[in-house]
Amino acid sequence: MKRIFSVLLAFVMVLGLAAVIPPAQATTGGKLVALTFDDGPGPCTSRLLDGLKKRGVHVTFFMVGSSVARYPELVERMYQEGHQLANHSYDHSDLTDLSDSGVRNQISKTNALLDKAAGAGSTYMVRAPYGNTNSRVRGLIGAPLAYWSVDPRDWQDRDATTVKNRVVRDAHDGAIILLHDIHSTSVDAALDAIDILMDEGYEFVTVREMFRRRGVELENGVSYTRCKPTGTDYGPVQEPVITAESMDGKLSIRITAQEGASIYYSLEDGNLNQESKRYTGPFTVEAPCTVWAVAAYNMNGDRSDTVSKGFTKVSCEPPTIHVTEEGMLTLVRNTPGTDLFYTLDGTAATENATLYTGAVTLKPGTAISACAGGSNFYTSAPVYGTYSHLGHFYRDVYMDRWYYPYVDEAVDKGYMLGVGLREFAPEATLTRGQLITLLYRYSGEEVTQEELEGCPFQDLEAERYYVDAVCWAYARGIVLGYNETTFGPNNSVKRQEMCKIFGEYLRVQGKLLPDGTGMADQYKDAEKIALWAVPYVERMTACGLILGDKEGTFRPTAGAIRAQAATLLVRLSELEDTLPDVPQEPVDPEGM
Ligand code: ZN
């Protein structure tokens with residue numbers, strides 16, 4: 001009577017206290033079954049473990065402490081292969097015959113032995129020997145108790161086929177099946193039954209996993225014989241995901257797992273247990289390293305497979321190149337711990353280049369390349385610079401570009417300045433305001449107060465850098481604007497417009513450009529040149545100010561770039577003294 005009451009109470013408690021774990025991906029799920037093995041480990045256990053591993057099946061071992069002490073390496077293997085370790089007393093005594101301290105001793109001695117494999121702080125379910133308990137014993141045990149709903153009596157009939165047939169016949173969704181791994185016939189029966197039941201759609205899980213997946217919380221002191229379907233299956237524990245990003249030359253490791261699962265990890269080996277580090281947030285390590293991690297609802301029986309990820313090197317930032325006016329090269333490390341390498345022969349720097357150990361004096365006309373790297377780093381992308389023939393340093397003007405000598409000379413003569421720190425932006429397009437400003441600076445002339453006051457354009461913003469230049473150019477007839485009030489200082493300047501502006505500038509300076517009629521025809525895209533621009537393009541071509549590109553095109557409506565303006569200014573300065581001083585009429589008073 002007492003026994004029936006306690007079974008009923010257990011049943012009520014299971015239903016009443018069933019706690020639903022927050023769903024990760026709740027589904028109705030398939031058929032689950034938990035194989036359990038009592039009284040081991042023993043001489044047959046390693047063969048059982050081999051068979052389970054081959055099939056990817058996890059089971060629960062209710063072990064006798066004295067045998068755990070005899071086969072510690074088998075218990076370690078069970079745990080590492082994802083099986084659930086559980087307590088079957090120390091010496092298989094009937095616990096109901098023992099004193100309170102005797103019961104506690106049977107449980108705690110075995111738990112301490114299991115801790116050697118699973119780590120301190122692990123929790124173990126208990127199965128009392130002979131299935132004998134009472135409320136006093138259950139209270140003393142202080143853990144969930146697991147019994148069975150399928151008993152093939154394998155200890156009685158030592159025949160693998162018989163036992164297998166009973167297991168297959170009696171298996172049901174949510175079953176806990178009792179077997180003994182101390183019998184060789186039971187090992188054979190278990191492995192054969194697994195193959196058959198898997199074909200029938202059963203999934204083999206540990207006792208703890210079965211209850212968690214169905215949203216049933218196990219209670220201490222309560223006995224469980226099966227886990228009936230609840231309509232919910234949260235599924236197996238997903239493997240954690242290990243990622244790393246480079247941070248100041250080290251690795252910042254991040255590990256993620258499904259909701260509600262804890263993550264345990266190690267940087268030493270893959271033998272994770274309850275005592276392994278608990279992941280609480282990203283942490284920093286040095287490469288090279290390997291990270292092992294496991295996601296678990298309970299490390300003892302309800303966890304993912306252990307995953308590992310190796311990180312050999314981390315990425316790093318390239319260095320910054322500095323060169324003084326005197327040609328002193330220094331490299332600044334942008335990722336701590338990196339080695340820096342450089343070349344001075346125009347080739348891209350790699351880790352095979354010269355190791356940077358301190359400032360280097362450069363000769364004018366040196367192409368610089370540098371990169372960062374070292375044993376713990378992937379080599380960075382190379383960066384480049386030029387210490388020019390005229391003694392200027394550029395990060396973005398290279399000696400192999402067609403415009404290099406012109407830019408260098410334009411900078412050297414002060415016609416053009418860089419934009420920002422050691423950058424020239426040679427490919428940046430020019431606005432009309434910028435081009436006129438370049439010409440104004442080149443001319444060396446000064447706008448007068450009357451010229452400023454007489455400037456008709458209403459779209460010039462007061463105080464802007466181009467105002468003096470535009471008013472000067474208008475007053476001298478170099479530009480007319482789009483109309484009487486509009487100049488468009490922020491519009492990009494087209495190549496054919498640039499020809500006209502330079503042509504008018506030269507006319508105003510009293511220089512005669514050669515006629516050049518018909519010379520525009522040398523450009524493949526001559527028909528695209530606006531009629532008003534043709535005479536300018538032809539004269540600029542005739543005197544060598546304009547050459548066209550290497551495809552033989554002029555691209556009249558392409559935006560003029562800073563490198564082209566630099567080239568025109570330098571050629572202009574060379575030409576100006578050689579051109580005859582014969583004023584000419586403006587070729588076209590319209591436009592511009
Ligand atoms: Zn037993």
Side-chain angles (χ1 to χ4, degrees), residues 402-403 406 427-440 442-443 455-460 466 469-509 511-569 571-572 575 579 583-592:
W402 64 268
Y403 51 72
Y406 301 105
E427 317 270 349
T429 55
L430 282 168
T431 63
R432 284 159 59 85
Q434 286 166 342
L435 181 65
I436 297 299
T437 303
L438 289 178
L439 259 187
Y440 176 57
Y442 171 84
S443 74
C455 195
F457 303 124
Q458 286 167 17
D459 59 348
L460 304 184
Y466 53 68
V470 172
C471 294
W472 162 84
Y474 175 79
R476 281 160 174 71
I478 300 167
V479 295
L480 295 172
Y482 294 125
N483 57 48
E484 282 172 11
T485 56
T486 310
F487 178 72
N490 298 319
N491 293 357
S492 78
V493 62
K494 307 287 184 278
R495 285 166 53 80
Q496 61 187 8
E497 284 178 67
M498 185 165 67
C499 283
K500 179 169 179 185
I501 290 170
F502 273 82
E504 288 297 299
Y505 171 80
L506 281 168
R507 181 187 59 76
V508 167
Q509 297 300 315
K511 300 295 179 186
L512 177 64
L513 288 172
D515 182 5
T517 298
M519 290 199 78
D521 293 339
Q522 75 180 64
Y523 301 117
K524 285 181 189 161
D525 52 356
E527 79 287 351
K528 291 183 184 157
I529 303 170
L531 278 179
W532 56 260
V534 169
Y536 295 103
V537 173
E538 292 188 326
R539 286 174 186 171
M540 300 284 275
T541 303
C543 69
L545 276 172
I546 293 282
L547 299 173
D549 60 24
K550 53 180 184 291
E551 281 82 39
T553 57
F554 177 68
R555 293 180 295 119
T557 56
I561 60 172
R562 284 171 53 81
Q564 291 161 349
T567 304
L568 271 181
L569 289 169
R571 288 183 183 152
L572 187 63
L575 260 181
L579 288 172
Q584 43 180 61
E585 295 302 308
V587 280
D588 182 0
E590 286 162 30
M592 295 303 286

Taking side chain as C-beta onward, heavy atoms only, is [X] less than 4.5 Å from [Y]?
X: Glu497; Y: Asn491; result: no
X: Lys528; Y: Thr553; result: no
X: Cys471; Y: Leu460; result: yes
X: Leu439; Y: Leu435; result: no
X: Leu438; Y: Leu430; result: yes
X: Phe487; Y: Tyr474; result: no
X: Tyr505; Y: Arg476; result: no

Under 3.5 Å, is there a donor-acceptor pair between the side chain of Glu538 and the main chain of Gly518? yes
Main-chain N/O of Glu551 paired to Lys524 side chain as donor or acceptor, under 3.5 Å: yes
Do the charged groups of Glu504 and Arg507 touch, with an N to O distance under 4.0 Å?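 Salt bridge flag = yes for Arg507 with Glu504.
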[atom1]-[atom2] distance between [X] and [Y], expressed to the nearest 0.5 angstrom:
X: Gln458; Y: Asn483; atom1: CD; atom2: CG; result: 9.0 Å
X: Leu572; Y: Gln509; atom1: CG; atom2: CD; result: 8.5 Å
X: Phe502; Y: Leu568; atom1: CZ; atom2: CG; result: 4.5 Å
X: Arg539; Y: Ile546; atom1: CZ; atom2: CD1; result: 14.5 Å

Taking the six-membered ring of Tyr482 as reference, does the NZ or CZ atom of Arg432 fall below 6.0 Å from its centre and within a 45° cone about the axis?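 Pair Arg432/Tyr482 counts as cation-pi.
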Can you name the nearest heavy-atom pair linking [X] to [Y], along with the distance?
X: Leu547; Y: Arg571; answer: CD1-NH2, 2.9 Å
X: Gln434; Y: Thr431; answer: OE1-N, 2.8 Å
X: Thr567; Y: Tyr403; answer: OG1-CB, 4.1 Å
X: Thr437; Y: Gly433; answer: OG1-O, 2.6 Å
X: Lys494; Y: Thr557; answer: CD-O, 2.8 Å
X: Gly516; Y: Ala542; answer: CA-CB, 3.8 Å

Contacts of type ring pair (Phe, Tyr, Trp, His ring centres under 6.0 Å), residue Tyr406, not counting sequence neighbours: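 By the ring pair (Phe, Tyr, Trp, His ring centres under 6.0 Å) rule, Tyr406 matches no residue at all.
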Residues in ring pair (Phe, Tyr, Trp, His ring centres under 6.0 Å) contact with Phe554, at least two apart in sequence or another chain: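 Ring pair (Phe, Tyr, Trp, His ring centres under 6.0 Å) check on Phe554 returns Tyr523.
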side-chain contact (heavy atoms from CB on, under 4.5 Å) partner of Leu506, the single match among Leu575, Leu545, Ile478: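 Option passing the side-chain contact (heavy atoms from CB on, under 4.5 Å) with Leu506: Leu545.
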Which residues share a side chain to side chain donor-acceptor pair (under 3.5 Å) with Thr429, sequence neighbours left out: none
Heavy-atom neighbours of Glu527 CD exceed 12 at 6.0 Å: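 Counting other residues, nucleotides and ligands, CD of Glu527 exceeds 12 neighbours.
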